[in-house]
S.K.: 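Input: one structure, supplied below.
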Amino acid sequence: MRVGELAHRTGTTVRALRYYEAAGLVVPRRLGNGYREYDPIAVRLVEQIRTLMTLGFSVEETRPFIESMIDSDGTDGHPAALSTYRRAIAGLEQRIERLTGQRDALLSLVDATAGPAVPPTAGRALGSTSSVGLVGALMPGLTFRATDGTVVGPARFDGHRTVLFLYSLSSRPGVAMPAGWDDIPGARGCTVAACGFRDLHAELLAAGCDQVYGLSAQSTGYQRELAHRLRLPYPLLADPRLSLATALRLPTFQADGTTYYRRLTLIVTDGVVEHVFHPVTEPALHAEQVLRWLADHPDPRSPMTAIDTVHAREILDSRGNPTVEVDVLLDDGSLGRAAVPSGASTGTAEAVELRDGDTGRYHGKGVRRAVGAVLGEIADAVAGLDGRDQATVDRVLIELDGTANKSRLGANATLGVSLAVVKAAAVSAGQPLYRYLGGPDAVILPLPLMNIVNGGAHADNPLDFQEFMIAPVGAASFAEAVRMGSEVFHTLRAALKAAGQHTSVGDEGGFAPLLRTAHEALAFISAAISDSGYTPGVDIAIALDPAASEFYRDGAYHYRGEDRVRTVAEHVDYLAELAETYPIVSIEDGAAQDDFEGWKALTDRLGDRCQLVGDDVFCTNADLLYDGISRGIANSILVKVNQVGTLTEMLTTMQAARQAGYSAVMSHRSGETEDTTIADLAVATGCGQIKTGSLSRSDRTAKYNQLLRIEEELGERAVYAGRTSLTGHPTVAA
Ligand SMILES: C=C(OP(=O)(O)O)C(=O)O
Ligand SMILES: [Mg+2]
């Protein structure tokens with residue numbers, strides 16, 4: 001059974017269960033995929049812990065009982081369990097006897113020395129306004145005797161988050177309360193308040209408080225009787241002179257000539273008052289009130305930013321197909337949201353994008369299964385993990401899926417969570433994503449490879465090549481690159497229109513004219529660059545993504561638009577001819593993913609003058625990249641984070657590329673959303689190039705717009721990469 005079900009069946013919280021697990025009391029099994037699974041006995045164990053706690057045992061003190069239950073396979077009527085109970089009772093009786101003697105001896109000593117309390121005028125009623133004034137006050141340098149035999153001084157509050165509840169007077173069997181006690185507003189209810197802190201002690205600790213103390217003006221002897229009778233799991237502190245009231249000007253009242261504390265609770269964090277509860281009007285519910293506050297206010301000193309909630313939904317991508325969106329909420333309220341993109345010309349080795357296959361919805365393309373995986377197994381597995389520990393989060397995702405290609409849960413499920421976590425962590429750190437991930441050196445704005453003519457699988461025209469891109473290598477800044485790209489885009493539009501072509505756009509926002517050959521498209525683009533006032537190759541270069549896997553069959557390249565078939569050698573010759581004729585600085589997937597002969601021939605032919613980017617052939621996968629490096633193919637890798645399914649795996653692949661001297665091009669997918677994460681990732685990794693479509697359609701321009709914002713934010717520190725990160729030493733070919 002999962003942790004949520006166990007919590008539900010035992011009426012406790014997931015937090016408390018994690019605390020019992022950390023204490024080694026109720027430990028789930030780890031399945032092969034890393035997933036936590038509780039055996040049915042866990043229900044009995046948890047119920048036993050909670051029963052014992054209501055009897056006054058601390059979580060730690062339940063250990064022998066729990067261990068004997070485990071030994072006896074869950075039956076507490078077993079001889080092993082019975083003898084544990086008897087041993088515990090015998091031990092308690094001995095302690096009671098010894099402590100009662102100590103108490104009586106001390107009672108007379110303490111009562112003799114305590115003397116009269118502070119004069120009644122020292123206390124004053126403290127309303128909520130003055131409670132706020134107390135926040136930020138330092139704990140005074142006072143020491144208190146505690147019922148556990150220790151002496152609690154100011155050092156005990158340093159480095160800890162403490163719940164310190166002050167109370168007036170607890171009743172004692174056989175001892176009358178001061179005259180008129182029940183008529184004094186707020187006087188009654190101290191015992192019940194103390195019991196509340198006892199019953200929720202484990203939960204309070206699990207919610208991030210390190211220690212609980214009760215404090216009153218009674219002597220240690222008086223308090224010890226209460227602590228033993230109620231079996232309090234926390235110590236009581238004696239302040240017979242009300243010195244804390246004097247130091248912090250806390251509210252007191254008088255009854256029968258004696259001064260007492262008014263009920264009030266302090267959260268003291270690292271020696272400083274962080275919060276004040278006053279007045280405490282419902283003593284029976286007060287511990288719960290404190291617990292709720294702790295849950296809503298994580299320890300400000302805590303290095304842990306735990307994942308609280310993971311939510312997912314089905315949304316639409318730019319092609320109108322469903323895709324996964326994930327929200328991750330951290331304990332501190334930071335929210336990260338990520339939407340997963342989707343490719344059309346996909347590599348065969350990509351991590352699996354899980355689709356429902358239910359033809360009754362979205363023509364089978366629904367992603368309810370992936371959404372369900374996020375809401376169920378994944379949410380369970382990552383809840384409580386530190387959102388800033390991306391490597392651990394991603395490792396848990398990978399192990400939970402348990403397959404080599406994320407086919408069980410879906411890479412669309414894992415990626416949504418992975419990216420939403422890093423975005424939430426950035427929010428929590430109060431930093432933009434690119435700086436959170438890349439640190440202060442993340443200042444490089446990438447060269448954009450702008451896809452202004454679409455073909456192949458991204459358009460309905462006859463062009464065999466998928467993408468014809470312009471790259472403003474000579475721009476002085478990213479903003480200038482965007483302007484230059486936009487100007488060429490519109491010049492091209494006018495030229496296509498004048499030539500009688502239609503100007504509707506393809507999946508990535510580039511024009512999809514009814515051209516047949518790459519030569520025709522490149523001629524239009526070169527002219528548009530010149531006609532916009534730029535020098536081709538100097539100001540603006542050209543990049544191609546033939547996406548050759550899409551038209552490679554039976555060992556040859558089938559050019560549908562030209563109605564001809566080229567052998568591998570002829571195809572490589574053709575690309576070389578194009579590279580000689582036009583200012584082409586980068587060719588992606590010039591050969592098909594399984595045509596290693598073509599890849600090698602292309603690399604040998606053009607690798608020293610052109611960037612050769614592996615997309616389908618590497619699939620952002622470090623192992624495939626290493627294989628390619630050893631084969632001597634390509635000199636660059638396209639990086640699509642959904643091809644691997646987690647951020648950490650993407651970063652590992654990029655690191656491998658960097659070490660091998662391969663460049664990396666951060667890339668969108670042809671199916672995108674308004675999510676702009678890749679813009680930040682490009683700056684964070686300093687890769688120096690981004691491919692994110694045309695200068696039209698919001699799913700594409702959203703990324704450019706985000707990069708414009710980043711450049712503006714970096715101000716003078718921003719560095720536009722220009723041509724510097726291109727591999728293959730492309731030279732100017734005007
Ligand atoms: C972005 C591309 O297209 P898709 O997302 O369809 O794989 C590409 O092939 O580089
Ligand atoms: Mg490609």
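Atoms within each ligand, like the ligands themselves, are counted from 1 in listed order. Note: hydrogens, waters and symmetry copies are ignored here, and every other heavy atom, side chains too, is used. Computed from a prediction, not measured in an experiment: that's the story for all the values here. FYI, the numbering just counts along the sequence from 1.
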S.K.: Kindly confirm or rule out an N or O of H668 lying under 3.5 angstrom from an N or O of ligand 1.
M.R.: no
S.K.: Tell me the protein heavy atom at minimum distance from atom 10 (O) of ligand 1, and give that distance in Å.
M.R.: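 The answer is K691 NZ, 2.5 Å.
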S.K.: Give a yes or no on whether a salt bridge exists between E649 and K406, defined as a side-chain N under 4.0 angstrom from a carboxylate O.
M.R.: yes
S.K.: When you measure from the centre of the six-membered ring of F551, is the NZ or CZ of R560 closer than 6.0 Å and no more than 45° off the axis?
M.R.: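 No, cation not above the ring by the 6.0 Å, 45° rule.
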S.K.: Looking just at side-chain N and O atoms, do D595 and Y557 make a donor-acceptor pair shorter than 3.5 Å?
M.R.: yes
S.K.: Among pairs that include at least one residue of residues 517-532, which meet salt bridge (Lys or Arg N to Asp or Glu O under 4.0 Å), considering only residues two or more places apart or in two chains?
M.R.: none
S.K.: Within the structure, does H458 bring an N/O atom to less than 3.5 angstrom of an N/O atom in ligand 1?
M.R.: yes
S.K.: Can R566 be said to sit on top of Y574's aromatic six-ring, NZ or CZ under 6.0 Å from centre and within 45° of the ring axis?
M.R.: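 Judged by the rule, R566 and Y574 form a cation-pi pair.
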S.K.: Report, in ascending order of atom number, the atoms of ligand 1 lying under 4.0 Å from any heavy atom of D615.
M.R.: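 Those atoms are 8 (C), 9 (O), 10 (O).
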S.K.: Specify side chain, backbone, both or neither for A547, according to which of its non-hydrogen atoms lie closer than 4.0 Å to ligand 1.
M.R.: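 Neither; no heavy atom under 4.0 Å.
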S.K.: Kindly confirm or rule out an N or O of S342 lying under 3.5 angstrom from an N or O of ligand 1.
M.R.: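 No, S342 has no N/O under 3.5 Å of an N/O on ligand 1.
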S.K.: Hey, is the main chain of R368 close enough, under 3.5 Å, to the side chain of D356 for a donor-acceptor pair?
M.R.: yes
S.K.: In the protein, what heavy atom is nearest to atom 9 (O) of ligand 1, and what distance, to one decimal place, separates them?
M.R.: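 Result: Q466 NE2, 2.9 Å.
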S.K.: Heavy-atom distances under 4.0 Å decide this one: backbone, side chain, both or neither, for D616 against ligand 1?
M.R.: neither
S.K.: Are any of the N/O atoms in D545 less than 3.5 Å from those in ligand 1?
M.R.: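 For ligand 1, there is an N or O atom that lies under 3.5 Å from one belonging to D545.
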S.K.: Could you check whether D317 pairs with R669 (Lys NZ or Arg NE/NH1/NH2 to Asp/Glu carboxylate O, under 4.0 Å)?
M.R.: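 No, no charged N to carboxylate O under 4.0 Å.
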S.K.: Does any N/O atom on L638 come nearer than 3.5 Å to any N/O atom on ligand 1?
M.R.: no
S.K.: Would one find an N or O of R669, backbone or side chain, under 3.5 Å from an N or O of ligand 1?
M.R.: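 N/O-N/O distance under 3.5 Å: yes.
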S.K.: Below 30° counts as parallel, above 60° as perpendicular, anything between as tilted: where do the rings of F478 and Y720 land?
M.R.: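 Perpendicular, since the angle between the ring planes exceeds 60°.
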S.K.: Number the atoms of ligand 1 from 1 as they appear, then name those within less than 4.0 Å of a heavy atom of E508, with their elements.
M.R.: 1 (C), 2 (C), 3 (O)
S.K.: Got a salt bridge between K640 and D615, using NZ or NE/NH1/NH2 to carboxylate O under 4.0 Å?
M.R.: yes
S.K.: Strictly by salt bridge (Lys or Arg N to Asp or Glu O under 4.0 Å), give each pair with a member in residues 534-546 just once, sequence neighbours left out.
M.R.: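 Only D545-K691 qualify under salt bridge (Lys or Arg N to Asp or Glu O under 4.0 Å).
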S.K.: Can you name the side chain to side chain donor-acceptor pair (under 3.5 Å) partners of R483, sequence neighbours left out?
M.R.: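 So R483 forms a side chain to side chain donor-acceptor pair (under 3.5 Å) with E487, Y534.
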S.K.: Any luck finding a side-chain donor-acceptor pair between E588 and Q611 under 3.5 Å?
M.R.: no
S.K.: Taking the Mg ion (ligand 2) as the centre, how many protein N/O/S atoms fall inside a distance shorter than 2.8 Å?
M.R.: 3
S.K.: Taking only heavy atoms of G343, which atoms of ligand 1 are found under 4.0 Å from at least one of them?
M.R.: 4 (P), 5 (O), 6 (O)
S.K.: State plainly whether the residues R609 and E580 are in salt-bridge range, i.e. N to O under 4.0 Å.
M.R.: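 Salt bridge between R609 and E580, a charged N being under 4.0 Å from a carboxylate O: yes.
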S.K.: Please state which protein non-hydrogen atom is closest to atom 8 (C) of ligand 1 and give its distance, to 0.1 Å?
M.R.: K640 NZ, 3.0 Å
